[in-house]
Amino acid sequence: MLASRIFINTLREAPAEAEIASHRLMLRAGYIEPLAAGIFNWQPLGLRVVQKIAGIVREEMNAAGAAEVLMPAVQPAELWHASGRWQVYGKELLRLQDRHERDYCVGPTHEEVVVDLVRRHVKSWRQLPLNLYQIQTKFRDEIRPRYGVMRAREFIMKDAYSFDRDAAGALASYQAMREAYSRIFDRIGLEYCIVAADSGAIGGSQSEEFLVLAASGEALLARAAAGYVNLDQVPCAAPDAKRPAAGEEMKKVDTPGVASIEELRGFLQQPPPPERCVKTMVAVGEKGMAAVLLAGADQLNLAKAGQHPAIGAGARLAEEAEVREAVGAGFGSLGPVGMPLPVVADLRLQPCADFACGANEDGKHLLGVNFGRDCPEPDYADLRLAAEGDAGADGKPLELRRGIEVGHIFYLGTKYSDAFKAVYESEDSGAQTMEMGCYGIGVTRIVAAAIEQGHDEHGVVLPAAIAPFEAAVLPLGHEEEVAKAARALYEALRAAGVDVLLDDRGLRAGRAFSDLDLVGVPHRLVVSKRSLAENATEYKPRTGGEARLLPLADAPAEIAKLVAAA
RNA sequence: CGGGGUGUAGCGCAGCCUGGUAGCGCAUCUGGUUUGGGACCAGAAGGUCGUGAGUUCGAAUCCCACCACCCCGACCA
């Protein structure tokens, strides 16, 4: 590839809107360009990275026995009515009508389409198992797209769907996908982990997430014995302290405008320590609504709240209006005394006496409150989100990391095959419903995740497997012999199987160097009068090494070896 | 959807408070000198100041409405 011909649009300064490193660098390196909120043009350099990732995904999916298809981006509403998701999916589903006013959506996922396809063709047990996948553009109308392609509305995803005769077969397919995914992320060359996903709402289903470790990740992880787990799945032990006797009388104080524990402590002359300031929130699940109590500095773990019988699965925080209707006071003034809802307290509050809390009256708080005396003893449960510094299961302090979700595998059971009557004639027991799994990889998100993990002050640092080019040949100087030798080296590298860029733009040295650094080319080969005097090229890796001379004759094989070893 | 912020040349920004010829750096174009980590000199081009409606002799600047984008939150597996 010639640099002069492939539309390299690097920026010296990053556009102001970019917050995180990957977004900034993808704009600066000319990988992407925004077109609308969460919608991007992929320029040639960025697209090359996308295609390299997609290529690896495709190879491993094929190797795992999956067959590639391509399903439409626009899907008829009837399919979504059949699964019931036309009602359920909400505003994330971009809906539209054609000229005949028939309803369609832009596909955020393809369970409906693929089940419809498979049920019409698969009739016999002999046709199973089957795994169909595609690499295709999806659209999810995110409430708030952000961080460039990390959380975009339009994005490229690999989605696969497995169909098996029975649950055992489906779990084998699941396992095969798990292994294929591991090979994919190994080959891409990122530091990643696999964690169990919260399966509470689905019940009994198996689901795991693949996360790339990066400081800017949205998912919180904790190191566990084997790898990592989602932070919200880390249990918190009960404190072993005993509750001291009540030492204060309960009294009500005016606290106008105080809406948080921090503000309360700032407002009071002699505030109790945070562990004796009780924070009250209201959670709603499928079983009902309850007040949840936590020590002031702790965070609520909604997944844990959902396990309490008074709340139930799918727990969320209540809206202020719901709270006002149920309790008569708004956020910031809630507390256990006179609370009409069931009260569940975190284990850490068990030894808590003489605490401060809201009075269930706007602008008022109570001090010197004691369970058992001033209000009923609450039900205690593990409710808080584990935090940095907690003791882990092995007694050592919990180690926290963040991750970016780039893959998700899911055992589905018969949820969709039931809805679509995807049945086959079994070998011995008549008509059977197919068992399904679905498996996603966020291809474009991986580009951002890889850059989050790989960058420095000069720009993008990508593994050779997914860099836009594996190597670049850069002629310096205007001598005829330099241009000729560079061209020859470029051709030799191509012949050796290296994906190489010839930077024939004739830029000044400094500009060319910083451009190649910014764009993320892992291996740089400079050809100049100086190097030709030694019959050599000056080789420099993007990171972790000094420039050194390589004989021109050896360079192609040497670089091919370095690329293969990466 | 709630809160905050920003829209001025391709990019980064100043000007707005206190109304009166639209500016700076980088990028671009021309000529020249340069040529190993974003060169220098000289010249040039580039703007419906987000859109609309007002106030005013006069609006980038003041008022109102709208739109777009960004950030925080809520939402989502």
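Just so it is clear: chains get the letters A, B, ... in the order the sequence lines come, proteins before strands, and each one is counted from 1.
Nearest nucleotide to the A:Arg12 side chain, out of B:C69, B:C11, B:C26: B:C26. Listed nucleotides: B:C75, B:G25, B:G37. Nearest to the side chain of A:Arg524: B:G37. Here B:G37 is the nucleotide among B:A77, B:G37, B:C75 with the atom lying nearest to any side-chain atom of A:Asp517. Each of B:C72, B:G37, B:C11 was ranked by its minimum atom distance to the side chain of A:Pro15; first place goes to B:C11. For A:Ala36, taking side-chain heavy atoms from C-beta onward, the closest of the listed nucleotides B:G37, B:C76, B:C69 is B:C69.
The CG atom of A:Leu79 sits 12.0 Å away from the CD atom of A:Glu111 when rounded to the nearest 0.5 Å. Atom OG1 of A:Thr109 and atom CD of A:Gln75 lie 8.0 Å apart (nearest 0.5 Å). Annotation: the span from A:Asn9 atom CG to A:Glu33 atom CD amounts to 7.5 Å, rounded to 0.5 Å. The distance from the CG atom of A:Leu94 to the CG atom of A:Asp141 is 5.5 Å, given to the nearest 0.5 Å.
B:G19 and B:U55 have their C1' atoms separated by 11 Å, with the value rounded to a whole Å. When the C1' atom is used for both B:G47 and B:C11, the distance is 15 Å, rounded to whole Å. Atom C1' of B:A77 sits at a distance of 28 Å from the matching atom of B:C69, rounded to the whole Å. Across the C1' atoms, B:U6 and B:A42 are found 38 Å apart, a figure rounded to whole Å. Rounded to whole Å, the C1' atom of B:A68 lies 42 Å from the corresponding atom of B:G31. Rounded to a whole angstrom, the distance from the C1' atom of B:G5 to that of B:A44 is 37 Å. B:C16 and B:U8 have their C1' atoms separated by 11 Å, with the value rounded to a whole Å. Using C1' as the reference atom, B:C72 and B:G54 are 34 Å apart when rounded to the nearest Å.
In a base pair of the Watson-Crick type (N1 to N3 plus N6-O4 or O6-N4) or a G-U wobble (N1-O2 and O6-N3), with each distance short of 3.5 Å, B:A59 is matched with no nucleotide. As the counterpart of B:C24, B:G12 is assigned, both hydrogen-bonding distances of the Watson-Crick or G-U wobble pattern falling under 3.5 Å. Shown here, B:C29 forms a base pair with B:G43; the pair counts as Watson-Crick or G-U wobble because both key distances fall under 3.5 Å. Under the Watson-Crick or G-U wobble criterion, with both distances below 3.5 Å, B:C75 is left unpaired in every strand shown. Base pairing of B:U35: no nucleotide in any strand meets the Watson-Crick or G-U wobble criterion (both distances under 3.5 Å). With both pairing distances under 3.5 Å, B:G52 is matched to B:C64 as a Watson-Crick or G-U wobble pair. Summarising the base pairing, B:C69 is matched to B:G5 through a Watson-Crick or G-U wobble pair whose two defining distances lie under 3.5 Å. Using the Watson-Crick or G-U wobble rule with both distances under 3.5 Å, B:C17 pairs with nothing in any strand shown.
A donor-acceptor contact under 3.5 angstrom links the side-chain atoms of A:Glu13 to the base of B:G25.
In this structure, the CZ atom of A:Arg140 is 15 Å from the P atom of B:C76, given to the nearest Å. For the pair A:His408 NE2 and B:C76 C1', the computed distance is 13 Å after rounding to whole Å. When the C1' atom of B:A27 is taken as reference, atom CD1 of A:Ile8 falls 16 Å away, rounded to whole Å. B:U35 atom C1' lies 12 Å from atom CZ of A:Phe513, rounded to whole Å. Atom CD1 in A:Ile143 sits about 11 Å away from atom P in B:A74, given to the nearest Å. The nearest whole Å value for the distance from the CG atom in A:Leu11 to the C1' atom in B:A9 is 15 Å. Straight-line distance from the CG atom of A:Asp232 to the P atom of B:A77: 13 Å, rounded to whole Å. A straight line from OH of A:Tyr89 to C1' of B:C75 spans 13 Å, rounded to a whole angstrom.
Taking side-chain N and O atoms only, A:Arg508 has no distance below 4.0 Å to OP1 or OP2 of B:G37. The phosphate of B:C72 has OP1 or OP2 within less than 4.0 Å of a side-chain N or O from A:Tyr147. Between A:Arg144 and B:C72, a side-chain N or O to OP1/OP2 separation shorter than 4.0 Å is present.
Not one N or O on the side chain of A:Lys287 forms a donor-acceptor pair closer than 3.5 Å with the backbone of A:Gly306. Using modelled atom types, no side-chain atom of A:Asn230 and backbone atom of A:Asp232 make a donor-acceptor pair closer than 3.5 Å.
Along RNA chain B, the nucleotide closest to A:His23 and the one closest to A:Leu302 are compared, and the more 5′ of them pairs with A:His23. Summary of the strand contacts: A:Lys540 and A:Gly148 both lie near RNA chain B, and taking for each the nucleotide with the nearest heavy atom, the more 5' one is attributed to A:Lys540.
Residues of residues 470-484 of chain A that place a heavy atom closer than 4.0 Å to RNA chain B, in numerical order, are A:Leu476, A:His478.
A search for side chain to side chain contact (heavy atoms under 4.5 Å, CB included) contacts involving A:Lys540 returns A:Arg524, A:Ala547, not counting sequence neighbours.
In A:Arg324, the CZ atom is crowded: over 12 heavy atoms of neighbouring residues, nucleotides or ligands sit closer than 6.0 Å.
Within 4.0 Å (heavy atoms only), A:Glu142 reaches no atom of the nucleic acid at all. Note on A:Ala14: only backbone sugar-phosphate atoms sit closer than 4.0 angstrom, heavy atoms only; bases stay farther off.
Of the candidates A:Val527, A:Val526, A:Leu507, A:Val526 is the only one forming a side-chain contact (heavy atoms from CB on, under 4.5 Å) with A:Leu474.
Below 30°, between 30° and 60°, or above 60°: for A:Phe185 and A:Tyr181 the angle between ring planes is above 60°, a perpendicular geometry.
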